[in-house]
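Below, read A as the first sequence line, B as the second, and so on, with proteins coming before strands; counting in each chain starts at 1.
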Number of protein chains: 2
Amino acid sequence: MSMPFYSKHSKHYVAVDCIIFGFDQEKINILLHKRKFEPYSGGWSLFGGFLEENENLNNAAGRILHTLTGFSGVYLEQLFTYGDVERDKERVLSVAYFALINTERYSSVEGGDFDAVWIPLEELPDLVLDHKIMVNKALRRLRRKAASEPIGFELLPEKFTLPRLQKLYEAIYGEGFDKRNFRKKILSMGLLKKLDEKDKSGSKKGAFLFRFDKKKYDELLSEGLGFEL
Amino acid sequence: MSMPFYSKHSKHYVAVDCIIFGFDQEKINILLHKRKFEPYSGGWSLFGGFLEENENLNNAAGRILHTLTGFSGVYLEQLFTYGDVERDKERVLSVAYFALINTERYSSVEGGDFDAVWIPLEELPDLVLDHKIMVNKALRRLRRKAASEPIGFELLPEKFTLPRLQKLYEAIYGEGFDKRNFRKKILSMGLLKKLDEKDKSGSKKGAFLFRFDKKKYDELLSEGLGFEL
DNA sequence: TCAAAAGTGTTAGTGTTACACCCATGA
DNA sequence: TCATGGGTGTAACACTAACACTTTTGA
């Protein structure tokens with residue numbers, strides 16, 4: 001089945017690179033590894049791979065994430081496509097994706113690249129190619145979206161306490177928030193279901209666990225409302 | 001100069017498609033044309049072309065825009081990359097860009113595709129491939145950005161009246177705004193320089209012309225402030 | 001002189017910010 | 001019993017939204 005339509009045009013390598021964010025109850029981390037192939041072998045790198053012949057772009061991102069880290073079913077969103085001729089030794093386009101990982105569910109990286117390490121955002125080393133630019137863009141996107149869509153919950157286990165949620169938002173935005181105002185706002189949306197359980201890992205008293213109510217969120221969406229922090 | 005690094009991977013056609021928005025003092029329009037090559041010849045289409053061997057992605061978008069429409073130096077921003085295998089007859093990735101055109105400067109499309117037509121957003125016909133999806137995404141992006149960055153001015157001539165500016169925002173958001181509140185908010189940012197000239201084309205009385213003050217905007221940006229409508 | 005668009009302030013309501021103390025518990 | 005983090009309300013302030021009349025001028 002030859003398709004003659006576009007054959008006069010040139011073809012290009014297309015890579016997919018993933019910016020993987022995780023939250024460890026304290027700070028935002030990024031999953032990196034030391035690149036094992038040329039060029040730039042040995043440099044700190046995002047997880048990436050090449051788009052295959054008959055593979056959807058989103059699927060490629062999922063596949064790369066899965067084979068290199070063992071993660072599956074996680075939040076994955078296309079970020080931007082980097083297409084400068086000089087960005088690599090050979091001409092390669094890179095479609096960047098960012099992923100949000102619940103690190104409780106995936107506390108260890110299994111079946112993937114065992115050199116993968118979580119590195120705190122503030123201690124980011126130099127990265128290979130234009131990967132640092134990608135990380136910065138991903139972070140800006142995360143900050144924007146976390147305020148207008150409930151994607152922050154992707155970084156937490158299903159049940160979480162309000163102090164943890166607040167820590168998460170503080171880590172994302174790099175600033176502290178007032179406890180009472182934060183609770184007021186987040187609870188006033190009516191999207192968190194308070195459970196009867198407490199998590200006592202953080203204090204003697206223990207903090208109540210909550211769960212994000214996706215059903216109610218979908219209802220609100222269809223009424224034209226939504227999540228707004 | 002052969003570069004052996006990535007040669008085991010497959011290569012792909014990469015297209016660039018441009019969603020071109022214009023404003024005619026009344027409503028938002030999109031520049032379309034009837035596609036002149038197979039497949040889907042004759043269907044309404046965005047302006048697109050293929051990425052060449054040694055061409056940066058952004059340059060390709062600029063080149064395509066320029067050769068097909070004659071526009072140059074206009075606002076152009078990468079939107080999203082569409083990479084499903086089935087999106088075209090042959091496997092082609094498409095990187096969508098959106099452009100904002102001051103239609104006063106480019107009142108007629110010169111030296112380009114003479115079948116290009118401005119079509120009002122509300123009367124959008126069926127488009128070829130996934131182009132309608134692209135248009136919708138571009139519109140969402142335009143709406144989001146127009147409220148947080150001064151990109152709306154790209155759709156107006158350098159000098160414009162406040163009533164026109166308001167019409168523009170009303171067209172972007174598809175709703176009417178209160179005249180006094182709109183003026184108050186936009187003028188309170190201090191980013192518009194009032195000129196001594198009036199534009200009498202819209203009324204007997206005439207409305208004062210303003211100019212966007214880019215210098216002051218850059219100052220504000222560096223102070224951490226910005227444009228917020 | 002009148003039709004048509006430009007221009008101008010105030011008020012009520014809503015949301016945001018700032019702020020300090022008591023509670024429950026395990027060590 | 002005390003140190004630690006969890007939980008709670010209110011008041012000043014800033015911002016938003018609603019609203020109606022006067023001005024200018026060309027036809």
Side-chain angles (χ1 to χ4, degrees), chain A residues 23-27 146-148 156-157 159-171 173-211 220 224-229, chain B residues 23-27 143 146-148 156-157 159-171 173-211 220 223-229:
Chain A
F23 176 64
D24 62 3
Q25 328 296 349
E26 217 22 74
K27 54 200 178 321
S148 62
L156 292 173
K159 302 170 179 184
F160 52 85
T161 67
L162 291 188
R164 279 223 197 307
L165 183 65
Q166 182 171 350
K167 270 257 167 59
L168 168 64
Y169 276 90
E170 290 175 338
Y173 293 104
E175 57 178 310
F177 301 125
D178 179 272
K179 208 177 7 168
R180 286 172 281 195
N181 293 339
F182 181 81
R183 287 174 160 261
K184 210 186 309 171
K185 214 181 207 169
I186 202 107
L187 290 175
S188 73
M189 289 189 275
L191 293 173
L192 298 188
K193 240 194 324 237
K194 185 178 187 173
L195 307 179
D196 284 330
E197 299 170 71
K198 279 189 163 188
D199 171 6
K200 298 208 167 189
S201 67
S203 71
K204 331 268 171 106
K205 185 179 178 180
F208 279 103
L209 287 163
F210 288 78
R211 186 197 298 278
L220 283 190
L225 298 170
F227 181 94
E228 208 64 51
L229 198 76
Chain B
F23 175 64
D24 63 2
Q25 326 297 350
E26 218 23 73
K27 56 200 177 320
R143 285 181 173 152
S148 62
L156 291 174
K159 301 170 181 184
F160 51 85
T161 67
L162 290 188
R164 278 224 197 306
L165 183 64
Q166 180 171 352
K167 271 255 166 65
L168 168 64
Y169 275 90
E170 290 175 339
Y173 294 103
E175 57 179 311
F177 301 124
D178 180 89
K179 205 176 10 167
R180 286 172 281 192
N181 294 338
F182 181 81
R183 288 174 159 259
K184 210 184 310 171
K185 214 181 208 171
I186 202 106
L187 289 175
S188 72
M189 290 189 274
L191 293 173
L192 297 188
K193 236 190 334 228
K194 186 177 186 174
L195 306 179
D196 284 331
E197 299 170 70
K198 277 189 163 188
D199 171 4
K200 298 210 168 190
S201 67
S203 70
K204 331 269 170 102
K205 186 181 180 182
F208 278 102
L209 287 163
F210 288 77
R211 187 196 301 274
L220 283 191
E223 293 168 29
L225 298 169
F227 183 94
E228 209 61 51
L229 199 78

Kindly write out the residues that satisfy side-chain contact (heavy atoms from CB on, under 4.5 Å) with B:Lys184, not counting sequence neighbours, or none if the list is empty. B:Asn181
Taking B:Glu170 for the side chain and B:Phe177 for the main chain, is one N or O donor matched with an acceptor at less than 3.5 Å? yes
Please report the distance, rounded to the nearest Å, between CG in B:Asn181 and C1' in C:dG9. 11 Å
Would the base of D:dT16 count as contacting B:Lys184 through its side chain, where contact means a donor and an acceptor less than 3.5 Å apart? no
Between the base of C:dT17 and the side chain of A:Lys185, is there a donor and acceptor pair under 3.5 angstrom? no
Report yes or no: is there a donor-acceptor pair, N or O only, under 3.5 Å between the side chain of A:Lys205 and the base of C:dA24? no
Spacing of A:Ile186 atom CD1 relative to D:dG6 atom C1', expressed in whole Å: 17 Å
Measure from CZ on B:Phe182 to C1' on C:dG9 and round the result to the nearest Å. 18 Å
How close or far is atom P of D:dC19 from atom CZ of B:Phe177, stated in whole angstroms? 17 Å
Between D:dG6, C:dT16, C:dA20, which nucleotide has the shortest distance from any of its atoms to the side chain of A:Arg183? D:dG6
Spell out yes or no: do the side chain of B:Lys198 and the base of D:dT25 have one donor N/O and one acceptor N/O closer than 3.5 Å? no
Answer with yes or no whether A:Lys204 presents, from its side chain, a donor or acceptor under 3.5 Å of a partner atom in the base of D:dT4. no
Could you tell me whether B:Lys200 contacts a base, only the sugar-phosphate backbone, or nothing, with contacts defined as non-hydrogen atoms closer than 4.0 Å? sugar-phosphate
Anything under 30° is parallel, anything over 60° is perpendicular, the rest tilted; go ahead and classify A:Tyr169 against A:Phe227. parallel
Considering all heavy atoms, the nearest B:Ala171-B:Glu26 contact: CB-O, 4.2 Å
For B:Arg180 and D:dT22, give me the distance from atom CZ to atom P, rounded to whole Å. 13 Å
Got a second to check how far A:Leu162's CG is from A:Leu209's CG, nearest 0.5 Å? 9.5 Å
Between CG of A:Asp178 and P of D:dA11 the distance, given in whole Å, is 16 Å
Gap between atoms NZ and C1', on A:Lys179 and C:dC23 respectively (whole Å): 11 Å
Separation of atom CZ in B:Phe210 from atom P in C:dA6, rounded to whole Å: 12 Å
Checking contacts here: which listed nucleotide (C:dG9, D:dG7, C:dG7) is nearest the side-chain heavy atoms of B:Phe208? C:dG7
